[in-house]
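The structure appears below as structure tokens.
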Amino acid sequence: MATLLELKGANPFKVRAYQNAARSLMTHDDDLELALEKGQLTKIKGVGPGIAKDIQDFFHTGEMLELKTLRESFPSTLFELLEVPGLGPKKVKKLFDELQIESLGELEYACHENRLVKLDGFGSKTQEKILKGIALLKQRRNTFLYPEAFEQAHVLLQQMSKWKEIKQIEIAGSLRRRKETIHDIDLVCSADQENAEVVMRRFVNLVSPNDVISHGTTKSSISYRGIQVDLRVVKESEYIFALHHFTGSKEHNTLLRGLAKKQGYILNEYGLFKGESLVKCQTEANIYEQLKLDYIPPELREGLSEIEMSKDHQLPNIITLEDIRGIFHVHTNYSDGKNTLEEMVRAASERGYTYIGISDHSQSAFYAHGLKEKDIDAQFIEIDRVQKQFPKIRIFKGIESDILSDGNLDYPKHVLKRFDFVIGSVHSRFKMSQEEMTKRCVRALENPFCTILGHPTGRLLLARDGFQIDVQRILDVAKKEGKIVELNANPHRLDLDWRILYTNRNDCPYISINPDAHDVEGLSHVTMGVSMARKGGLTKDHVFNTKTTKEIETYFARQRA
DNA sequence: GCCGTTTTCGGCCCGACTGTTTTCAGTCG
């Protein structure tokens with residue numbers, strides 16, 4: 001509704017009202033259907049009589065009259081135009097009304113025909129920028145996995161922190177919030193006022209003029225090895241406010257500024273002001289404190305329900321990397337891992353872990369040299385040997401067993417019962433219907449020998465969507481069966497998605513943050529997994545591998561009894 | 001369209017940059 005109304009040129013506050021209501025509904029934890037039946041929809045923040053009526057209509061008829069009318073007044077392909085950088089609703093509407101442009105293809109053609117320059121408010125620069133934007137969209141090169149973006153950001157940070165004009169510099173934006181994928185790198189720095197322009201000049205000179213996206217006196221953007229980097233420079237006294245501002249998210253900031261305003265403050269990237277006077281804040285925590293809020297860590301600043309929770313002192317005490325005591329889901333060269341069992345155990349021990357769960361692939365995973373029964377015998381003997389060598393770290397014997405398409409695990413009972421734990425994972429037949437796939441995984445969860453459900457949706461970030469599966473059902477069954485669900489920490493997977501964890505944080509089964517390491521370096525995936533758990537609002541108590549070795553042993557023993 | 005410890009009417013987050021304009025609208029974050 002909001003997008004369509006915006007295109008229509010409706011009252012911008014009406015547009016925002018719909019956006020607010022949508023966000024509010026997305027994070028609404030209670031039963032919507034119940035609220036609807038009781039006629040209590042308007043009790044939800046942002047939902048008034050108008051939108052309550054919309055929701056009712058939608059629930060009963062599957063449609064909303066105004067939405068239907070609006071939708072019919074625009075071709076569905078029009079929305080892709082909004083993806084083009086520099087194009088917003090006003091310009092898209094103009095293109096549609098005056099040039100009858102309905103799709104990206106038509107827009108590109110019109111640019112080549114030089115037809116945009118004649119439009120009011122457009123010019124040759126706009127046309128050029130749009131063409132560039134379309135090319136970028138086509139390449140899909142504007143999204144990166146966290147580690148790729150992080151590495152680039154660090155290279156820049158190293159380099160720029162040596163510039164004598166810069167006093168402080170930090171990574172802000174989605175990188176600081178630890179989003180799983182990153183569109184651009186945001187850097188914030190402080191400098192003496194007379195040096196600001198020098199910093200900007202040095203920054204844009206890092207790349208060729210062609211790769212300078214914008215160049216101002218305090219804010220510039222460049223395209224650095226294919227990724228957009230924004231740099232903002234402020235005075236030293238403004239730095240903490242700027243860092244907060246550019247950490248975002250946009251949604252979080254919007255809500256926070258609204259709250260500040262209600263309390264008689266103005267909040268922007270330069271400070272927190274009461275009238276003309278600046279409120280002194282040394283840290284980000286001080287800013288929240290002034291607004292009568294508990295400190296909200298960057299990972300939680302997504303504009304979901306964190307501000308409300310913080311106001312009520314209900315923020316979860318989210319897990320930290322130090323809470324992790326051990327790790328499961330580790331591969332060795334018995335299947336498709338690179339390092340030996342001993343090397344993996346040594347590395348885990350050196351990282352201070354007190355237990356490690358080895359889980360190579362099972363026999364039907366021939367692509368990964370899955371273990372036959374005799375390989376299991378051999379590995380068990382070796383584990384016992386290595387265990388003697390490293391008495392301080394407990395080695396659990398496990399397996400990552402394929403969940404076959406009928407939901408069975410791919411060893412017979414007498415084999416499965418030999419393991420301390422079994423991770424059941426789907427590695428084949430991804431294209432089942434949601435119903436079939438859900439049934440398949442439920443069956444696995446109900447198998448008494450299955451301990452952990454591995455990478456529950458099978459997604460590969462930026463490469464492959466997860467398979468169709470009713471995640472809610474899976475979580476419910478896992479909880480009921482006392483099973484553990486994996487948060488696969490491989491940066492390509494990060495599966496389950498943190499948003500699912502966030503919505504289910506008050507009622508979910510144990511989550512195990514598993515590196516799915518295929519070599520020694522892969523053990524460090526845990527860091528990323530913890531970041532996702534933090535975004536999901538999980539506490540130490542939610543996470544299985546924060547337990548002590550003793551607790552783990554007891555848990556496994558009870559399961560196998 | 002929603003909301004209210006300034007308000008049931010009059011507001012609704014804030015500022016930088018760009019490109020098109022001669023004073024500002026649109027977009028972005």
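Heavy atoms only: backbone and side chains are in, while hydrogens, waters and symmetry mates are out. In what follows, chains carry the letters A, B, and so on, assigned in the order in which the sequence lines appear, proteins first and then strands, with residues in each chain numbered from 1.
- Residue contacts for A/L255: at a heavy-atom cut-off of 4.0 Å it reaches no nucleic acid atom on any strand shown.
- A/L256 comes within 4.0 angstrom of nothing in the nucleic acid, heavy atoms only.
- Across all strands shown, A/K250 has heavy atoms under 4.0 Å from base atoms, whether or not it also approaches the sugar-phosphate.
- Across A/E238, A/Q168, A/K235, A/R232, a single residue satisfies side chain to side chain donor-acceptor pair (under 3.5 Å) together with A/S190, and that is A/Q168.
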List, with names and distances, any nitrogen or oxygen atoms from the protein found under 3.5 Å away from nitrogen or oxygen atoms belonging to nucleotides 3-8 of chain B.
unit_1, atom_1, unit_2, atom_2, d
B/dC3, OP1, A/G46, N, 2.5

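- Summary of the strand contacts: A/R257 and A/V92 both lie near DNA chain B, and taking for each the nucleotide with the nearest heavy atom, the more 5' one is attributed to A/R257.
- A salt bridge does not link A/E63 to A/K68: none of the charged side-chain nitrogens sits closer than 4.0 Å to a carboxylate oxygen.
- A donor-acceptor pair is defined here as one N or O able to donate and one able to accept, closer than 3.5 Å; such a pair exists between the side chain of A/Q263 and the backbone of A/L291.
- With respect to the salt-bridge test (charged N to carboxylate O, under 4.0 angstrom), the residues A/E128 and A/K125 do not qualify.
- A search for side-chain contact (heavy atoms from CB on, under 4.5 Å) contacts involving A/H245 returns A/N253, A/R257, A/E269, not counting sequence neighbours.
- Base orientation of B/dT7: syn (glycosidic angle within 90° of 0).
- Residue A/N11 places a side-chain atom within donor-acceptor reach of the base of B/dG1, judged by atom type and a 3.5 Å distance cut-off alone.
- Along DNA chain B, the nucleotide closest to A/Y270 and the one closest to A/D186 are compared, and the more 5′ of them pairs with A/Y270.
- A side-chain contact (heavy atoms from CB on, under 4.5 Å) with A/R177 is found for one member of A/K535, A/E299, A/H252 and no other, namely A/K535.
- Contacts of residues 193-222 of chain A with DNA chain B (heavy atom under 4.0 Å): A/S214, A/H215, A/G216, A/T217, A/T218, A/K219.
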